[in-house]
Amino acid sequence: MRILVVEDEKKVAADIARALAASGYVPDISEDGEDAWFRGETEDYSAVILDLGLPRLDGISVLKRWRTAGVATPVLILTARGSWSERVEGIDAGADDYLPKPFQIEELLARLRAVLRRTAGHATSRTEIGDVVHDPRTMQVSVAGVPIALSPLEYRAIAFLIHHRGRVVAQQELAEHIYGGDCDRDNNTLEVLIGRVRRKLGVTLIETRRGYGYVINDDDEGAKT
Ligand code: CA
């Protein structure tokens, strides 16, 4: 699931992005309001984490512009601690939830999951590759209609590869999105993990490109070649 992180404090943004990637999400970072407004209108995100104090265009204005333009993406705002007026203004402007700064990243992830759950009926981006179906709304992967039990590591791996289907994902890149910042794992560990995913989802789904990484070919690509 793609998540837009709008935050001009680089370290905070990086911390959030890393936590999201480690939880099976695919984050994008935007560092100013104008850029965020544009991306929110032109890209398909499952949710947005929006800081309110931003350069070029403040977060409330970004949110109002999105809602006026009909962008219904769920938005979780980051507010100044104790500023009830920011919370009220944000919710009135169309925010789905808020979190005062500073916050624990675990609470951010929990609130994000709740926002995604509440808006699940309006989310998109269900993916079908052959008889494998990935629904990021439920973090569920099924084969021929049968839900498959995956460990968190297995889910992060397959969610990332499916999101980037059609291109080769380098082992190092995949490792970072599975293990977060702590990615000093050797490739053998990753291969063992991919092996487990293959046994659960079918051996042909994930292709190994020796020396490069892994790729999931979608049906359209296969038909062209
Ligand atoms: Ca800020």
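Model, not experiment: these values are computed from the prediction. Numbering of ligands and ligand atoms starts at 1, following listing order.
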Would you check if the Ca ion (ligand 1) lies under 3.0 Å from any N, O or S atom of [X]?
| X | answer |
| --- | --- |
| Asp8 | yes |
| Glu7 | no |
| Gly53 | yes |

| query | Would you call Glu86 and Lys101 a salt bridge, taking side-chain N to carboxylate O under 4.0 Å as the test? | reply |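 No, Glu86 and Lys101 are not salt-bridged.
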| task | Answer yes or no: is there a side-chain heavy-atom contact under 4.5 Å between Leu205 and Ile158? | result |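 The answer is yes, as the side chains (C-beta and beyond) meet within the 4.5 Å cut-off.
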| Is there a side-chain contact between Arg39 and Leu4, using heavy atoms and a 4.5 Å cut-off? |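 When only atoms from C-beta onward are counted, Leu4 and Arg39 do touch, with a gap below 4.5 Å.
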| query | How is the N/O/S atom of Asp51 that comes nearest to the Ca ion (ligand 1) named? | reply |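 Minimum-distance N/O/S atom of Asp51 relative to the Ca ion (ligand 1) is OD2.
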| Neighbour count >12 (heavy atoms, 6.0 Å) for atom NZ, Lys200 |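 Counting neighbours around NZ of Lys200, more than 12 heavy atoms of other residues, nucleotides or ligands fall under 6.0 Å, so yes.
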